[in-house]
Q: 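Pasting a structure here, questions to come.
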Amino acid sequence: MQLVADLGGVPGKDCRGFCKYCYFKKAKPLAEPLGCRHCPPGKIGCPVCNEGVQEMGHEFYPAFQVLNELQMSLMMNQVDPRDLKINITGGGDVSCYPQLEELIGAINQWQIPVHLGYTSGKGIDDGDIASRFVSQGVNEVTFTLFSSDANLRRTWMGDKNPEESLKAAQIFAENADLFAAAVIIPGVNDGDVLRETCNKLEEWGAKALMMMRFANTYDQGLILGNEPIVEGITPHEPLEFEELVREINSEYKLRVTGTPLSDPTIGAPFILSKPEYEEFLDILPAITGEATILTSKIAAPFLKKIFDKLDGDVNVVATKKDIACLMTKQDLEALDLDDIKDAVILPGRAFVNLMDAERILSADGVERVVGYGPDTLSVDGELSSGMNEEEVIEHELESFIELIQAINFFGMRRI
């Protein structure tokens, strides 16, 4: 079990400045809340789809406050410390937290191991600090490496001491479980540069590499009015990126995964769409309603394969958005309503309020019923890298059961 130690922090401020490719770089304040399933009845806007999506978090919390909240969590959960790990994370860069060494030292007195959540290492001015962290119980680190080339880190990440941050990454890899991550930018850190990074990671003994596709347009997920983040860069197409992930995975012993696609080791996302797992579909409940499932451009082909194998009146319609969780009402406005049934299921985490969805999807005079499905239907490489095949299958089955229950509830009953 993991307990989260939330350090707070604001992107761009508590990370020694934005990386050139950062999702939040150039983000504009929302003119109005996006809307989501968490909004109060009859209102569009809540902390999730307003402050939350903009990461308008709190500046770093003092260490004593973080420790007090951890102690409260320990008391409330009453779990054997031997079964616990504390995940230190936040909205800023963990390595930039000014009291990080003090915090880790205090946690070490509880004899609970520590996972350093996403850090770029930009806050590390002395790489040897990694050895001290390891000696104080840090046994797992998620490290945004970008590249093993110090000059690329300096240029693209704004890392003032890239040699020291890379030294720290090496120490973590040699003495703990290092899970590296890299946003892959065509012509910058892919190709031979990426392979040299993988060579270094294997040499150091890293556990895994998560490759993250760069997003540079609205359809790719930039919903904060900040496209393009980097002028003149055309990101990999989804299937092109998936193929790159597969190539790197086949060439190295590292556990290589990609987001949004894919995990070649266990076949995620959407294992249930593959013919060899078709038997698991018999576990799903019968479909008794009819509905349209709105989803992303990437997820749609997988969902179509699954629902083509199920007996039910369900069609899958893709929006132009690559990631379903980042759909907004603008994506709904671009749909052809002739393709939409009288009941519609939205992704659970879409930034669309029901009032907006019902208005937009009923613009042709057909009064449609709209509901939300589960938050996720599968897992991308960010999550699957820490899971096995059985766990992913279990997650997908639970999610599709919930989805079918939503279809049966909101869909018109067949006579």
Side-chain angles (χ1 to χ4, degrees), residues 15-23 25 93 95 118-124 127 130 141-174 178-217 220-221 228-265 322 380-382 385:
C15 55
R16 294 192 172 179
F18 287 114
C19 296
K20 278 191 175 182
Y21 54 81
C22 181
Y23 176 88
K25 185 182 177 186
D93 188 323
S95 69
Y118 275 116
T119 177
S120 72
K122 286 162 60 176
I124 295 175
V141 181
T142 304
F143 199 105
T144 301
L145 197 71
F146 187 74
S147 172
S148 60
D149 184 314
N151 287 327
L152 283 179
R153 280 186 58 94
R154 182 179 289 109
T155 300
W156 282 85
M157 300 182 71
D159 189 348
K160 293 180 173 55
N161 298 285
E163 292 83 6
E164 294 303 316
S165 56
L166 288 171
K167 179 182 178 180
Q170 180 176 353
I171 292 171
F172 283 134
E174 292 172 344
L178 180 78
F179 295 86
V183 175
I184 305 300
I185 302 177
V188 177
N189 65 337
D190 60 350
D192 292 341
V193 176
L194 175 58
R195 285 169 170 81
E196 179 56 31
T197 298
C198 291
N199 289 336
K200 284 293 185 184
L201 288 170
E202 284 208 340
E203 178 187 320
W204 297 343
K207 295 296 181 183
L209 169 66
M210 183 179 67
M211 296 167 55
M212 309 170 75
R213 177 184 174 231
F214 176 53
N216 209 27
T217 68
Q220 291 163 356
I229 293 175
V230 183
E231 297 283 353
I233 296 289
T234 301
H236 295 95
E237 288 297 319
L239 295 181
E240 178 189 15
F241 183 76
E242 180 183 24
E243 181 56 32
L244 178 59
V245 173
R246 292 183 182 279
E247 284 180 12
I248 298 300
N249 181 69
S250 69
E251 295 173 17
Y252 294 90
K253 295 178 182 179
L254 291 164
R255 172 76 181 274
V256 179
T257 61
T259 180
L261 296 169
S262 63
D263 185 339
T265 301
D322 283 351
D380 65 2
E382 185 172 356
S385 61

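No experiment lies behind these values; they were computed from the predicted model shown.
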Q: Quick one: CD on E382 to OG1 on T257, what's the gap to the nearest 0.5 Å?
A: 8.5 Å
Q: If every non-hydrogen atom of A168 is compared with every non-hydrogen atom of A130, which pair is closest and at what distance?
A: O-CB, 3.7 Å
Q: Under 4.5 Å between any side-chain heavy atoms of I233 and P186, yes or no?
A: yes
Q: Determine yes or no for a side-chain-to-main-chain donor-acceptor pair under 3.5 angstrom, with T197 supplying the side chain and V193 the backbone.
A: yes
Q: Decide yes or no for L261 and V245: does some side-chain heavy atom of the first lie under 4.5 Å from some side-chain heavy atom of the second?
A: no
Q: Are the side chain of D93 and the backbone of T119 linked by a donor-acceptor contact shorter than 3.5 Å?
A: no
Q: How far apart are the closest heavy atoms of F143 and S165, and which atoms are they?
A: CZ-O, 3.5 Å
Q: Output all residues satisfying salt bridge (Lys or Arg N to Asp or Glu O under 4.0 Å) with R195, sequence neighbours left out; order by chain, then residue number.
A: E247, E251
Q: Please list, chain by chain and in numerical order, all residues satisfying salt bridge (Lys or Arg N to Asp or Glu O under 4.0 Å) with D159, sequence neighbours excluded.
A: R153
Q: Quick one: are S148 and L201 in side-chain contact, heavy atoms under 4.5 Å?
A: no
Q: If you round to the nearest 0.5 Å, how far is CG of N161 from CG of L166?
A: 11.0 Å
Q: Within this structure, what is the CG-CG distance for the pair D149 and L194, rounded to the nearest 0.5 Å?
A: 12.5 Å
Q: Taking salt bridge (Lys or Arg N to Asp or Glu O under 4.0 Å) as the test, write out the residues that go with E174, two or more places apart.
A: none
Q: What distance separates F146 CZ from K122 NZ, expressed to the nearest 0.5 Å?
A: 11.5 Å
Q: So, taking the atom named OH in Y252 and the one named CD in E202, what distance separates them when rounded to the nearest 0.5 Å?
A: 7.0 Å
Q: Might you point out which heavy atoms bring A173 and A206 nearest each other, and give the distance in Å?
A: CB-N, 3.9 Å
Q: To the nearest 0.5 Å, what is the distance between CD1 (I185) and OG1 (T234)?
A: 12.5 Å
Q: Does the side chain to side chain contact (heavy atoms under 4.5 Å, CB included) test come out yes or no for L178 and Q170, once each step is laid out?
A: CA-CA 9 Å; L178 180 78; Q170 180 176 353; over 6 Å; no
Q: Less than 4.5 Å apart, any side-chain heavy atom of K25 and any of C19?
A: no
Q: What's the shortest heavy-atom distance between G258 and F241, and which atoms?
A: CA-CE2, 4.2 Å
Q: More than 12 heavy atoms of other residues, nucleotides or ligands under 6.0 Å from NZ of K207: yes or no?
A: no
Q: Without hydrogens or angle criteria, can the side chains of R246 and N249 be said to hold a donor-acceptor pair below 3.5 Å?
A: no
Q: Using only atom types and a distance under 3.5 Å, with no angle test, would you say the side chain of T144 pairs donor to acceptor with the backbone of S120?
A: no
Q: Does K200, at its NZ atom, have more than 12 non-hydrogen atoms belonging to other residues, nucleotides or ligands within less than 6.0 Å?
A: no
Q: Testing the basics here: between C198 and I248, what is the closest heavy-atom pair and its distance to 0.1 Å?
A: SG-CG2, 3.7 Å
Q: Does F214 reach the side chain of H236, with side-chain heavy atoms less than 4.5 Å apart?
A: no
Q: Between the side chains of R154 and E163, is the shortest nitrogen-to-carboxylate-oxygen separation below 4.0 Å, so that they form an ion pair?
A: yes
Q: Shortest non-hydrogen contact from S95 to G123?
A: OG-N, 3.0 Å
Q: Where the side chain of Y23 meets the backbone of G221, is there a donor-acceptor pair that is under 3.5 Å apart?
A: yes
